[in-house]
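Structure first, commentary second.
Worth knowing before you read on, the calculation uses all heavy atoms, side chains too, and leaves out hydrogens, waters and symmetry mates. Positions are given from 1, in the same order as the sequence printed here.
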Amino acid sequence: MADRIHRVTMFKAPKPEDRQKLIEQYKLLNQNNAKDGKPYILSLSVGDAQDDPRSQGFTLVCETEFASLDDMKYYDDECPAHQKLKAAAKDMTIDGVMTVYFRPKLTSRRDG
């Protein structure tokens, strides 16, 4: 659990239709991600950023969780499903992308 990698990618996609296309691509990625024949993305959440000055123009956010840094590197460099998403994004208006990742020092979750 301590080795898990949390990754946040934010997009500046000004057109609502492009944001929806990206969400659809993430749905396909979620269905088709595989490494050694098994799904390897532990969790994936994607949605529109709330309209707030702190968003600094970022309009879509994706959070993914991986079991290891090696899995995240596979995602970046080799995963066919992620390569398809990146190829599709080239046909969209995206004015900027920011990605950060980290190993949590604290994890807490409450439902309700």
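Taking OG from Ser55 and CD from Gln50, the interatomic distance works out to 8.0 Å, rounded to the nearest 0.5 Å. For the atom pair CE of Met72 and OG1 of Thr99, the computed distance is 8.5 Å after rounding to the nearest 0.5 Å. The CG atom of Asp3 lies 13.0 Å from the CZ atom of Phe66; values are rounded to the nearest 0.5 Å. To the nearest 0.5 Å, atoms NZ (Lys73) and OH (Tyr101) are separated by 7.0 Å. For the atom pair Asn30 CG and Gln25 CD, the distance stands at 12.5 Å (nearest 0.5 Å). Here CG of Leu85 is found 9.5 Å from OG1 of Thr9. Values are rounded to the nearest 0.5 Å.
No more than 12 heavy-atom neighbours from other residues, nucleotides or ligands sit within 6.0 angstrom of CG on Asp51. Surrounding OH of Tyr40 are more than 12 heavy atoms belonging to other residues, nucleotides or ligands, all under 6.0 Å away. Within 6.0 Å of the NZ atom in Lys84, the count of heavy atoms belonging to other residues, nucleotides or ligands does not exceed 12.
Screening Thr64, Leu44, Val100 against Arg7 for a side-chain contact (heavy atoms from CB on, under 4.5 Å) leaves a single residue, Thr64.
Note: the hydrophobic cluster containing Ile5 does not contain Met98 (ILVMFWY, side chain heavy atoms under 4.5 Å, direct or indirect links). Linking ILVMFWY side-chain heavy atoms closer than 4.5 Å, directly or via other members, places Phe58 and Val46 in two distinct hydrophobic clusters. Residues Val8 and Leu60 do not share a hydrophobic cluster, clusters being chains of Ile/Leu/Val/Met/Phe/Trp/Tyr side chains in contact below 4.5 Å. Neither Leu28 nor Tyr74 shares a network with the other; the hydrophobic side chains, linked directly or stepwise wherever heavy atoms of I, L, V, M, F, W or Y lie under 4.5 Å apart, form separate groups for each.
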side-chain contact (heavy atoms from CB on, under 4.5 Å) between Leu22 and Met92: does it pass, once the steps are laid out? CA-CA 9 Å; Leu22 274 170; Met92 300 174 202; 3.7 Å; yes
Name every donor-acceptor pair, under 3.5 Å, that has one atom in a side chain of residues 10-19 and the other anywhere in the protein, sequence neighbours excluded.
from: Lys12; atom 1: NZ; to: Gln56; atom 2: O; distance (Å): 3.4
from: Lys15; atom 1: NZ; to: Thr93; atom 2: OG1; distance (Å): 3.3
from: Asp18; atom 1: OD2; to: Thr93; atom 2: N; distance (Å): 2.9
from: Arg19; atom 1: NE; to: Asp48; atom 2: OD1; distance (Å): 3.3
from: Arg19; atom 1: NH1; to: Ala13; atom 2: O; distance (Å): 2.7
from: Arg19; atom 1: NH1; to: Pro14; atom 2: O; distance (Å): 3.2

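Here Lys27 pairs with Glu24 in a salt bridge; the nearest charged N to carboxylate O distance falls below 4.0 Å. Note on Asp36 versus Lys38: no salt bridge recorded, every NZ/NE/NH1/NH2 to OD/OE distance being 4.0 Å or above.
At distances below 3.5 Å, not a single donor-acceptor pair connects side-chain atoms of His6 with backbone N or O atoms of Phe102.
Contact check for Leu29 versus Asn32: no side-chain heavy atoms found under the 4.5 Å cut-off. Side-chain contact between Glu65 and Ile41: absent, with no pair of heavy atoms (C-beta onward) separated by less than 4.5 Å. Residues Lys35 and Cys79 fail the side-chain proximity criterion, which asks for heavy atoms closer than 4.5 Å.
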